Amino acid sequence: MAALLWLPWNSVLADEKNGELDIYFIDVEGGAATLLVTPAGESILIDSGYPDYGGRDLNRIVRVVKEVAGRTRIDKAIVSHWHLDHYGNHAALVSKVPVTAFYDRGIPEDLPEDKGFPERIALYRAASQNKSTALSPGDKLPLKNAETGRRVPQLTAEVVTSSGKTIPNEGPANPFASEHVAKPEDTSDNARSLSLLFKLGDFAFLTCGDLTWNTEQRLMSPNNPIGQVDLFMVTHHGLDVSNNPVLVKAIEPIATVTCNGPTKGGMLPVLKTLEAIPTLKAQFQLHRNIKLGDDVQPPPHRIANSSDTAECKGHYIKASVSPDGKQFRIQVEGQQPELFETRLSK
Ligand SMILES: [Zn+2]
């Protein structure tokens, strides 16, 4: 392999953003909380883990936001869907760090699968001062881009699914469309998850919340409107009611990160589907699946936390994308980063 150099890495002042896009996958024990810090220094938190557990997930998020990423505020707090392990701390966050704006898929009247929804959504409404923005497929997240005059690519973020709807099924034919085997229709909020496609030059990152099988198929069949993706956050913690091959094979990821817990997600059928993708170089997981053999999981240096929840240190995984979008590295907290090259055209 050719020598991969990526300069300057550390030649910027600590309080100055270095032009990279940073993506932190925060360990919330099988929920989700993903912090993006954009080249312009904007901070975007997608989902916020579980509530309770003595503030465990809230504290982990605040540590990464303030101490690791050095941010003093969250510019955009996004909810992928209305399940506790995804918006558990949106309301509590505002007491720890200022949040400028809230985005979600739209607030439903009721959520049959959660009896506590009315109280929880009241807290969310209060925290967002009733000003959350509902995002629809095709919407672009408004992002600041640096006005340096330098010829660097602009970061974009497009909503590709929301509330069960998808962007139009345009683009080249998806060669994997015929692999769809329908599963029972999912009536839960998972099927209505918000999915976002971030792009920085040639680099693309896809995150779909807990989007489930048949919505994945509707998004990706018969055509592929997404194209190829370099970094894929494995959907729904790596559960096999999500990660339809019609989607994951078509996007041809180079690297994946699974936000699983010790006993939630990171399932074997998903590991196998991903492993068989020719472009895939590495799978990362926030947790070792303690119910599954080590031989079928990623190697230890690509797993952030190996113990069960009681012993867990809550290590994060960080992806950093070069300012030109041509390379990215992935680092498990406390380990050496690994470098990957973005595909040039898609
Ligand atoms: Zn969910």
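Counting starts at 1 for both ligands and their atoms, following the listed order. Excluded from the calculations below are hydrogen atoms, water molecules and symmetry mates; all remaining heavy atoms, backbone and side chain alike, are included. Note that the coordinates shown come from a computational prediction; the quantities given were computed from them, not determined experimentally.
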Output yes if H81 passes the N/O/S-under-2.8 Å test against the Zn ion (ligand 1); output no otherwise. yes
Is there an N/O/S atom in N190 that lies less than 2.8 Å from the Zn ion (ligand 1)? yes
For the Zn ion (ligand 1), find the closest N/O/S atom on D210 and give its atom name. OD2
Output the atom name for the N/O/S atom of H83 with the smallest distance to the Zn ion (ligand 1). ND1
Between [Y] and [X], is the closest basic N to carboxylate O distance under 4.0 Å?
X    : Y    : value
D114 : R120 : yes
K249 : E179 : yes
E333 : K313 : no

Parallel, tilted or perpendicular for Y124 and F102, by the 30°/60° rule? perpendicular
